[in-house]
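Since this is a predicted model, take the numbers as computed values, not measurements. Each chain gets a letter, A, B and so on, in the order its sequence line appears, and its residues count up from 1.
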Amino acid sequence: MDPILIVEDQAAIADLIALTLEHAGWPCHVVCDGRAAADCIETGRWSLILLDIMLPGFDGYELKQYIADETPVIFLTARIAVADRVKGLRMGAQDYICKPFEPEELAARVEAVLRRTGRGNTVLHAFGVVLDPTARRVRKNGEDVSLTPREYDLLEVFLRNRGVTLYRDALFERIWGEMPEEGSRTLDLHVQRLRKKLGWHSEIRTLYKIGYLLEEGAP
Amino acid sequence: MKLKWKLSLSLLAVTGSLFLLGGYWMIHQNFMSSMDDAARRYTASHASQLDLVTTFLARQDDPSPSQAGAEAAAGVPDGALALADAGYALLFSNLPEELDKMDLYDAVEAADTGFVYRQHGDRIWFLEASALPAQTDLHLISAFEVTALYIERTEQLHRFWRIAAVLLAAVALLTALVSGAVLRPLRRLQAAAQRIAGGVYDERTGFVSRDEVGSLSREFDRMAEAIEARDQALRESIRQRDDFVSAFTHEVKTPMTAMLGYASMLRTREVDLATRQKAADYIYHESKRLETLSRRLMALMRLGEEKLQLVPTPLSGILNDVRAAAAGLPGVRVLMPESGGLYVRADRSLAADLLWNLVENAAHAAPKDGCVRITVTEQPDRVELAVSDTGRGIPPEELPRIIEPFYMVDKSRSRSENGSGLGLALCNRIAELHGGSLHFESTLGEGTTVRFSLEKEAAPCDVQD
């Protein structure tokens, strides 16, 4: 897969984006100013370009015009005026992300764009389970597995973070959109049901009071 | 109705009626006087006819009134006459046929007082009657035709009507033209007002005349100028506010994004040590940046409201504060001047802040191992301080805006030099509170000089040595 080009002049944010996307499994390349970005756009092949709008050298809108139409572009900016967003999308950008953003949101948007444009890995695998985000379908050894929406979301998070410890509260918040109540067992119940439906008894490891972890290993 | 038509119609009505009345009156007077002339002439003719008749009758032994009448008619050929007895039987008559007995009767009735006019068809006669002195039962009645006078009057009137019609048409045309010319500036004024109301504020009338319309248009232009200036000021302040908001948003959102992003990463999953350290580092530095920004912003807002207590301060104190801070600047030499024992009216810490901020900016602009020079110039009632660097300079078109909050000469807003974008705005505010402002002089590639001044204060006696 071609790498993702990140054009962002603020090192802190550029690093954050790179860390997030690399964690999701996409190779990245970071440039900090408009001129370097123009060079990269000219010489390299990119599966996606993330463009900040306020840049030294050339600004994001100017750079967008350099970019071949078939390369998807996501604008990334602190400007939240509707007119700016409309301008960005009119210029043919696939998406428009406003700062500040959550890393997961960024990853999800990037994935959506990659999927829409037929790039990137479209399905997620682990231990004989295949999750197809486009169809929201899960199969195990070729047979459909029926999951509730929460279970599906939970499985997707696990598959996207293989071998990484996921903390309980953050995991809950991500799936349910709010902080869990004190002593809530909801998350554990869902993990139990997921284990049962997929036959994953040792694959999802419980870290007592910390969280869960999907083991790395065979796809 | 348009003012133009009102004006020309009323002018036309006044001149027209005066002219018509005057003309008519003149013709009438003329007619009356020719009638009087004629009456006098005919009265004289009547008297000579009477004379002839009387003489003839006195001469003859057997006087025949008809012969006397014929004699008189021959003697005075311009009129006709008749001799009538008491029963109005005509003893002689060469009167026109139109005059009947009633006319004669009227004439005789009026004999004591004068004469009468009688009209038959188109013709008019002057009739005068007198009793013969010798034979009072006989009356001599003279008739003179005056139709010509009436005809002449009618002709005069007709001529006058024709002249009047032509004249009034000319007057109408002229008043229309004149009122059009008089009102043209008003129309232009109206058009200009409409355009200004439509948002074209640079519209001017530009009349040069000394009359009321001229001064109205001058006042109008002044008003338009005031409106334009006000409009520009308003636009400028809206632009500044928009720029401020958008820059402020950017300045806040950038650290926010980093902090939120790294914090979210750290609390979601386990990351390796290097990443964790990096994330914590970023969170720390970005919060510091946000903190500096908020502190500066608060300072700017506070300085915006406050009236400073300015006190006599030794310039050397301010310079020493800056000298102490400058010692920590890496790679840049700061050349300090002598204070010359001067005193200024200032808030010492703010004035030192101002000077130090300028020195720091200059140090950023200066090349490696460059130098920054502070100079002090004594003026009649102020002390000017200048900070010069030998750096890259500021493009002239940027100079007027660099004191705006968050305005960056380098549009990248790159924070490699870690400015908040509020430094110069603060400096300028402090300079203003000291009764001055910042003045920039810059040559691209050669360097920049910033000047500001403080009010000079007489040195207190007790510290003079």
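- Between A:Phe127 and A:Trp200, the ring planes lie perpendicular to each other; the angle is over 60°, past the 30° to 60° tilted range.
- Separation of atoms CG (A:Leu166) and CZ (A:Phe172) is listed at 15.0 Å; rounding is to 0.5 Å.
- In this structure, chain B has no heavy atom under 4.5 Å from any part of A:Arg168.
- In the displayed structure, B:Glu236 atom CD is contacted under 6.0 Å by more than 12 heavy atoms of other residues, nucleotides or ligands.
- When all heavy atoms are compared, the tightest approach of A:Leu194 to A:Phe158 is CD2-CD1, 4.2 Å.
- Contact annotation for B:Tyr262: both backbone and side-chain heavy atoms come within less than 4.5 Å of a heavy atom of chain A.
- Looking at A:Glu105, neither its backbone nor its side chain comes within 4.5 Å of chain B, counting heavy atoms on both sides.
- The side-chain tip of A:Lys64 does not point at the ring of A:Phe75 from less than 6.0 angstrom away and within 45° of straight on.
- With a 4.5 angstrom heavy-atom cutoff, A:Asp33 does not touch chain B via any of its atoms.
- For the set B:Met256, B:Glu286, B:His285, B:Lys278, the count of heavy-atom pairs under 4.5 angstrom toward chain A peaks at B:Lys278.
- No other option in B:Gly261, B:Pro255, B:Ala263 has as many heavy-atom pairs under 4.5 Å with chain A as B:Gly261.
- The two residues B:Thr449 and B:Ala386 come nearest to each other via the heavy atoms CG2-CB, 4.0 Å.
- For a residue to count as touching a neighbouring chain, one of its non-hydrogen atoms must lie under 4.5 Å from one of that chain's; by this rule B:Thr254 touches chain A with backbone and side chain alike.
- The most heavy-atom pairs under 4.5 Å with chain B, out of A:Ile210, A:Leu19, A:Leu171, A:Val157, come from A:Leu19.
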